[in-house]
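One-based numbering along the sequence shown. No experiment lies behind these values; they were computed from the predicted model shown.
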Amino acid sequence: MDIDALRSFIAFVDTGSFTRAAKQTFRTQSAISMQMKKLEVETGHALFIKEGRNLGLTEQGQHLVSYARRLVSLHDEALGHFSSHLQHPPLTIGCPDDYAESILPSIVALVRETLPHQSIRVVCDCSTQLRLMLDQGKIDVAILTRAPDAEEGYLLKHDSGVWVKGDNSQADDQTGTQIDSSIGFPIDIEKQTPLSLVLYEPDCKFHSTAIDGLEKQGREYRLMCSSSTATAIKSLLRKGLGISAMARSSVSYGLTIIEGSNLPSLPSVDIVLAVAPIPHPLFASHLAAGISQHFFQKNH
């Protein structure tokens, strides 16, 4: 079987889209379609089935996924072995800003253990933009947030959304917390009306879920600030200027998870390590699989 065709097939499985698979492999959609037809001829089975407006995999298509991953991984591992003595460009790792403290250092440490002489470059952006960068070949590997039922990437950690406020949100009025003049004590910031929100940008799953949940509850809120930068969001929370919704892994010093409130539920997510379809010469899928497995076992 043609390695490039198998690589395109895996790109479709991981992204759920022939459009993104074409972008990732730098081919046209018609070229991808021809590759898929060739795979169907070679296997003697239909690999795709219509599921409403989308395409899914047949039972034989599901079987091919496992073989395709192993074949492509072995191919890339072999190329990496024979080119390991050569000079290579930096390995570019993409990471959402909110995982830069909790996830990224451990991943970089594991990469350094495996590739001690390889230089590393880190790019921070949201998962949506990092996917675009993977598609465009601008980064080699990315730490991403995905839905739990998606196939994308190699699992690092199961996570869940939590409501968060600053540790000092009940300290005194100098922190920005409102004071109830009738009792002389600070008001819990999550009980204020309207509720002041400090959220990630609208393409964040927690942003949309938080807003939708509050509207369904009929609760008054105001979006005080939205930002793609975790540093800005956490600084505003520590100042007592609002509450936020984020992954539990993103909660760091100076922040407190709001427990036992009637705030709407937030979704579960998976944090994964995704590799560009055309990988860095020294960092193919077998390395990503090993690093993610090590990380998962250590943090599970």
Side-chain angles (χ1 to χ4, degrees), residues 6-7 10-11 13-15 24 65-86 88-127 130-131 133-134 139-162 230 246-253 268-300:
L6 292 176
R7 204 183 294 280
I10 293 171
V13 172
D14 286 347
T15 64
Q24 287 191 348
V65 174
S66 176
Y67 287 110
R69 291 195 192 280
R70 281 182 281 168
L71 287 168
V72 170
S73 176
L74 188 60
H75 171 272
D76 292 343
E77 183 179 356
L79 290 182
H81 171 77
F82 289 109
S83 66
S84 59
H85 66 287
L86 302 176
H88 294 290
L91 175 71
T92 304
I93 301 175
C95 178
D97 192 39
D98 45 329
Y99 298 145
E101 294 181 55
S102 56
I103 306 292
L104 179 64
S106 296
I107 295 300
V108 171
L110 290 170
V111 172
R112 292 293 291 166
E113 287 180 17
T114 308
L115 304 171
H117 304 296
Q118 177 61 38
S119 61
I120 296 171
R121 176 173 173 259
V122 174
V123 174
C124 285
D125 213 321
C126 64
S127 291
L130 293 176
R131 286 186 177 90
M133 292 181 192
L134 279 174
I139 58 177
D140 302 305
V141 60
I143 300 166
L144 301 173
T145 303
R146 74 171 189 195
D149 58 349
E151 296 283 345
E152 181 181 32
Y154 297 89
L155 181 64
L156 294 172
K157 189 174 185 179
H158 296 298
D159 209 346
S160 58
V162 291
M246 62 181 66
R248 188 177 293 270
S249 295
S250 301
V251 180
S252 58
Y253 73 93
S268 296
V269 295
D270 285 343
I271 303 172
V272 301
L273 194 64
V275 181
I278 301 177
H280 187 279
L282 298 183
F283 197 94
S285 53
H286 69 286
L287 277 182
I291 285 174
S292 62
Q293 184 177 26
H294 185 93
F295 184 96
F296 183 84
Q297 292 173 345
K298 188 174 180 180
N299 294 274
H300 188 59

Point to revise | Under 3.5 Å donor-acceptor, T15 side chain and A11 backbone | key: yes
Check your understanding: Would you say the side chain of R69 lies within less than 4.5 Å of the side chain of D14, judging by non-hydrogen atoms?
Key -> yes
Exercise for review: Enter the distance from L6:CG to S73:OG here, rounded to the nearest 0.5 Å.
Suggested key: 12.5 Å
Review point. Are V141 and I107 close enough that some pair of their side-chain heavy atoms sits under 4.5 Å apart?
Key: no
For residues 112-121, tabulate all N or O donor-acceptor pairs below 3.5 Å that involve a side-chain atom, not counting sequence neighbours.
from: R112; atom 1: NH1; to: P116; atom 2: O; distance (Å): 2.9
from: R112; atom 1: NH1; to: Q118; atom 2: O; distance (Å): 2.9
from: R112; atom 1: NH2; to: P116; atom 2: O; distance (Å): 3.0
from: T114; atom 1: OG1; to: L110; atom 2: O; distance (Å): 3.0
from: Q118; atom 1: NE2; to: P89; atom 2: O; distance (Å): 2.7

Study note, to complete from the structure: Value for SG (C124) from CG (L104), rounded to nearest 0.5 Å, stands at 6.5 Å
Check your understanding: Got a sec, which pairs hit salt bridge (Lys or Arg N to Asp or Glu O under 4.0 Å) with one end in residues 268-282, sequence neighbours left out?
Key -> R146-D270
Check your understanding: Partners of H75 by side-chain hydrogen bond (donor to acceptor under 3.5 Å, both in side chains), sequence neighbours excluded?
Key -> none
Point to revise | Residue list, salt bridge (charged side-chain N to carboxylate O under 4.0 Å, His left out) with E101, at least two apart or on another chain | key: K234
Exercise for review: Heavy atoms only: give me the nearest R7-P279 pair and the separation to one decimal.
Suggested key: NH1-CD, 3.5 Å
**Study point:** Residues I103, I143; criterion side chain to side chain contact (heavy atoms under 4.5 Å, CB included); working and verdict
**Key:** CA-CA 8 Å; I103 306 292; I143 300 166; 4.0 Å; yes
Check your understanding: Under 4.5 Å between any side-chain heavy atoms of T92 and V123, yes or no?
Key -> yes
Review point. Under the side-chain hydrogen bond (donor to acceptor under 3.5 Å, both in side chains) test, which residues partner S102, sequence neighbours left out?
Key: none
Exercise for review: Please list, chain by chain and in numerical order, all residues satisfying salt bridge (charged side-chain N to carboxylate O under 4.0 Å, His left out) with R131, sequence neighbours excluded.
Suggested key: E152
Practice item. Determine the minimum heavy-atom distance between V269 and T145, stating which atoms define it. Key: CB-CG2, 3.6 Å
Practice item. Determine, stepwise, if the pair D98 / M246 fulfils side chain to side chain contact (heavy atoms under 4.5 Å, CB included). Key: CA-CA 9 Å; D98 45 329; M246 62 181 66; 5.7 Å; no
Practice item. Under the side chain to side chain contact (heavy atoms under 4.5 Å, CB included) rule, what do D125 and M133 come out as? Steps first, then yes or no, please. Key: CA-CA 10 Å; D125 213 321; M133 292 181 192; 3.7 Å; yes
Acceptor/donor pairs from residues 288-299 side chains to any protein atom, 3.5 angstrom cut, sequence neighbours excluded:
from: S292; atom 1: OG; to: A288; atom 2: O; distance (Å): 3.0
from: S292; atom 1: OG; to: A289; atom 2: O; distance (Å): 2.9
from: N299; atom 1: ND2; to: F295; atom 2: O; distance (Å): 2.7

Study note, to complete from the structure: side-chain contact (heavy atoms from CB on, under 4.5 Å) filter on A142, not counting sequence neighbours, yields L130, L134, I139, L144
Check your understanding: In chain order, what residues pass the salt bridge (charged side-chain N to carboxylate O under 4.0 Å, His left out) check against D140, with sequence neighbours excluded?
Key -> none
**Study point:** Non-hydrogen side-chain atoms of C126 and P96 separated by less than 4.5 Å
**Key:** no
Review point. Which residues pass the side-chain hydrogen bond (donor to acceptor under 3.5 Å, both in side chains) test with D159, sequence neighbours left out?
Key: S249
Exercise for review: Indicate yes or no: at least one non-hydrogen side-chain atom of V111 is less than 4.5 angstrom from one of L91.
Suggested key: yes
**Study point:** Approximate separation, where rounding is to 0.5 Å, of Y99 OH and S127 OG
**Key:** 6.5 Å
Practice item. With sequence neighbours excluded, tell me which residues meet side-chain hydrogen bond (donor to acceptor under 3.5 Å, both in side chains) with S285. Key: none
